[in-house]
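Each remark here refers to the structure printed beneath this line.
Chain identifiers are assigned alphabetically (A, B, ...) following the order of the sequence lines, protein sequences preceding nucleic acid strands; residue numbering begins at 1 within each chain. Excluded from the calculations below are hydrogen atoms, water molecules and symmetry mates; all remaining heavy atoms, backbone and side chain alike, are included. A quick note: this is a predicted structure, and the numbers were derived from the prediction, not measured.
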Number of protein chains: 2
Amino acid sequence: MSIKLSTRSRYGTRLMLDMAQHYNDGPIHLSDIAKRQDVSVKYLEQIIIPLKKAGYIESLRGPKGGHILAKPPEEITVKDIVGLLEEGTSLVECCDDTTVCKRTDICPTRILWKEASEAMFDRLQTITLADLVEKAKAMQSK
Amino acid sequence: MSIKLSTRSRYGTRLMLDMAQHYNDGPIHLSDIAKRQDVSVKYLEQIIIPLKKAGYIESLRGPKGGHILAKPPEEITVKDIVGLLEEGTSLVECCDDTTVCKRTDICPTRILWKEASEAMFDRLQTITLADLVEKAKAMQSK
DNA sequence: TAATTATATATTGATTGAATATATAGCAAA
DNA sequence: TTTGCTATATATTCAATCAATATATAATTA
């Protein structure tokens, strides 16, 4: 009964943040991230798939294997991550696809939802993984 | 698999817009709104309850009965409606309630979700029912 | 008192979210 | 070359929630 961000995109963001925090440490195991973030490995395995497909992560199998960020943390925004894992940046279907509703032409609320979606994702676009790493450091030194 | 506004808050907004469009027409039947908005009466009956409790609508039973906006359309924002029907203005539980997650103190993403929620609802707060009525008029005269 | 309208409660069916389980595939070092 | 390590792929489960309907009851006016 209330609009909520899925654990998928929240865990996904924490997954990416964790990797950003260990950027340059070589391939990282999902099991380590799972421990640090207190999330199940199996679930992270699911979440990481689209992140790999989208080119944000590269992986290596076998011993000494693991996952690495494919881009520097400065070049990945939270919008990238959330937009990917939530499958789109619109809070209502009719924002993107004008064919789902026959009222599209008359409906004044459609534009409303579009603006709300944009306000949200515009904000998320201004924040990179590097920003989050900084913020995390600041929080820990307190 | 994607964050979406519920039909509850979308229909609720259309319900309120419809009432704003017939402001000063006396008590309005839900059945008329249902027809105009192409939504089931039964469902609207559910949605209207919290709107009444919150004081946005007053109702009269019996013949000549119906529902009336308790405030002028200028004084009701979309944030009021959506915030009410979605039960809160935060996209993640931990935004409001700091006890739901033990990581609250360390978690840099929490602030993130808070900002995203605010960005969205701040935008919705700038739009009143009167604005939507105007927009609807403009769309129809095209 | 009869017709009309709103209110209250319960129930349904389908969908989705969140997570787990079980296998398979590929790589590196011994 | 084989053993162990790690990632990948697919399927399945369980519970929660969304969206909607059904069936009553209560109040008001003509």
Side-chain angles (χ1 to χ4, degrees), chain A residues 1-15 19 25-35 37-54 56-70 82 85-88 91-93 100-101, chain B residues 1-15 19 25-35 37-54 56-70 82 85-88 91-93 100-101:
Chain A
M1 178 114 69
S2 86
I3 183 177
K4 286 284 176 276
L5 229 50
S6 65
T7 56
R8 193 175 145 96
S9 56
R10 289 186 289 121
Y11 291 1
T13 304
R14 282 164 57 192
L15 163 67
M19 294 193 64
D25 287 7
I28 305 172
H29 302 174
L30 272 193
S31 57
D32 289 335
I33 300 178
K35 256 179 240 159
Q37 299 295 328
D38 199 19
V39 175
S40 103
V41 182
K42 283 289 161 201
Y43 197 24
L44 288 184
E45 281 172 354
Q46 263 183 56
I47 294 173
I48 209 174
I49 295 172
L51 291 166
K52 280 173 52 68
K53 277 194 187 160
Y56 297 121
I57 291 177
E58 280 168 4
S59 309
L60 301 168
R61 299 194 192 201
K64 298 276 174 186
H67 306 274
I68 312 186
L69 279 191
V82 176
L85 295 177
E86 297 285 354
E87 294 191 341
L91 296 171
V92 168
E93 269 193 82
V100 291
C101 178
Chain B
M1 177 117 67
S2 85
I3 184 176
K4 285 283 178 276
L5 229 50
S6 64
T7 56
R8 190 176 148 98
S9 56
R10 289 186 288 120
Y11 291 0
T13 304
R14 281 164 58 194
L15 162 67
M19 294 194 64
D25 288 7
I28 305 169
H29 302 173
L30 272 192
S31 57
D32 289 336
I33 300 179
K35 254 179 239 159
Q37 297 296 328
D38 199 19
V39 175
S40 103
V41 182
K42 284 286 161 200
Y43 199 24
L44 288 184
E45 282 173 355
Q46 262 184 57
I47 295 173
I48 208 174
I49 295 171
L51 291 167
K52 280 172 51 66
K53 279 194 187 162
Y56 296 121
I57 292 178
E58 279 167 5
S59 309
L60 300 168
R61 299 193 191 201
K64 299 278 178 183
H67 306 272
I68 312 186
L69 279 191
V82 176
L85 295 176
E86 297 285 354
E87 293 192 342
L91 297 171
V92 169
E93 269 193 82
V100 291
C101 178

Exercise. Within less than 4.0 Å of OP1 or OP2 of D:dT8, is there a side-chain N or O belonging to A:K52?
Worked result: yes
For this session: Please work out if A:L30 contacts a base, only the sugar-phosphate, or nothing of the nucleic acid, heavy-atom cut-off 4.0 Å.
Result: sugar-phosphate
Exercise. Where along residues 60-70 of chain B does a heavy atom come under 4.0 Å from DNA chain C, residue by residue in number order?
Worked result: B:L60, B:R61, B:G62, B:P63, B:G66, B:H67
Exercise. At under 4.0 Å, does any side-chain N or O of B:S31 touch on OP1 or OP2 of C:dT5?
Worked result: no
For this session: Could you tell me which residues satisfy side-chain hydrogen bond (donor to acceptor under 3.5 Å, both in side chains) with B:R10, sequence neighbours excluded, listed by chain and number?
Result: none
Seminar exercise, completed: When rounded to whole Å, the CG to P distance for the pair A:D32 and D:dA7 reads 9 Å
Exercise. Please give, in whole Å, the distance from C:dG17 P to B:I3 CD1?
Worked result: 11 Å
Exercise. In whole angstroms, how far is the C1' atom of D:dA7 from the CD1 atom of A:I48?
Worked result: 9 Å
Problem set entry | Distance in Å, B:L15 CG paired with B:I33 CD1, rounded so as to fall on 0.5 Å steps | 5.0 Å
Exercise. To the nearest Å, how far apart are A:L5 CG and C:dT16 C1'?
Worked result: 16 Å
Exercise. What is the distance from CD1 of A:I47 to P of D:dA9, rounded to the nearest Å?
Worked result: 16 Å
Problem set entry | Between the first and last five pairs of the helix from C:dT1-D:dA30 to C:dA30-D:dT1, the angle of the axes, rounded to 10 degrees | 10°
Exercise. Counting any heavy atom closer than 4.0 Å, what does A:S2 reach on the DNA or RNA strands: base, sugar-phosphate only, or nothing?
Worked result: sugar-phosphate
Exercise. Taking only residues two or more places apart in sequence, or in another chain, which ones meet A:D32 in a side-chain contact (heavy atoms from CB on, under 4.5 Å)?
Worked result: A:H29, A:K35, A:R36
For this session: Please name all residues satisfying ring-ring contact (aromatic ring centres under 6.0 Å, His included) with A:Y43, sequence neighbours left out, ordered by chain then number.
Result: A:Y11
Enumerate the protein-to-nucleotides 20-22 of chain D contacts in which both atoms are nitrogen or oxygen and the separation is below 3.5 Å.
from   : atom 1 : to    : atom 2 : distance (Å)
D:dA20 : N7     : B:Q46 : NE2    : 3.2
D:dA20 : N6     : B:Q46 : NE2    : 3.4
D:dT21 : OP2    : B:S40 : OG     : 3.1
D:dT21 : O4     : B:Q46 : NE2    : 2.9

Exercise. Nearest-Å distance, NE2 (A:H29) to C1' (C:dC27)?
Worked result: 12 Å
Exercise. B:K4: what forms a side-chain hydrogen bond (donor to acceptor under 3.5 Å, both in side chains) with it, not counting sequence neighbours?
Worked result: B:S2
For this session: Measure from CD1 on A:I49 to P on D:dT6 and round the result to the nearest Å.
Result: 19 Å
For this session: Please list, chain by chain and in numerical order, all residues satisfying side-chain contact (heavy atoms from CB on, under 4.5 Å) with A:K42, sequence neighbours excluded.
Result: A:S40, A:E45
Exercise. Separation of A:E87 atom CD from C:dT16 atom P, in whole Å?
Worked result: 11 Å
For this session: Decide if atom CD of A:E93 counts as having more than 12 heavy atoms of other residues, nucleotides or ligands within a radius under 6.0 Å.
Result: no
Problem set entry | pair A:L85-A:S6: side-chain heavy atoms closer than 4.5 Å | no
For this session: Keeping the roles fixed (side chain from A:R8, backbone from A:I47), state whether a donor-acceptor pair exists under 3.5 Å.
Result: no
Exercise. Listed by chain and number, what are the side-chain contact (heavy atoms from CB on, under 4.5 Å) partners of B:K52, not counting sequence neighbours?
Worked result: B:I48, B:I57, B:S59
Seminar exercise, completed: For B:E58, the side-chain contact (heavy atoms from CB on, under 4.5 Å) test, sequence neighbours excluded, returns B:A70
Problem set entry | Partners passing salt bridge (Lys or Arg N to Asp or Glu O under 4.0 Å) against B:D38 (at least two apart in sequence or in another chain) | A:K102
Exercise. So what does B:I28 touch, heavy atoms closer than 4.0 Å: a base, only the sugar-phosphate, or nothing?
Worked result: sugar-phosphate
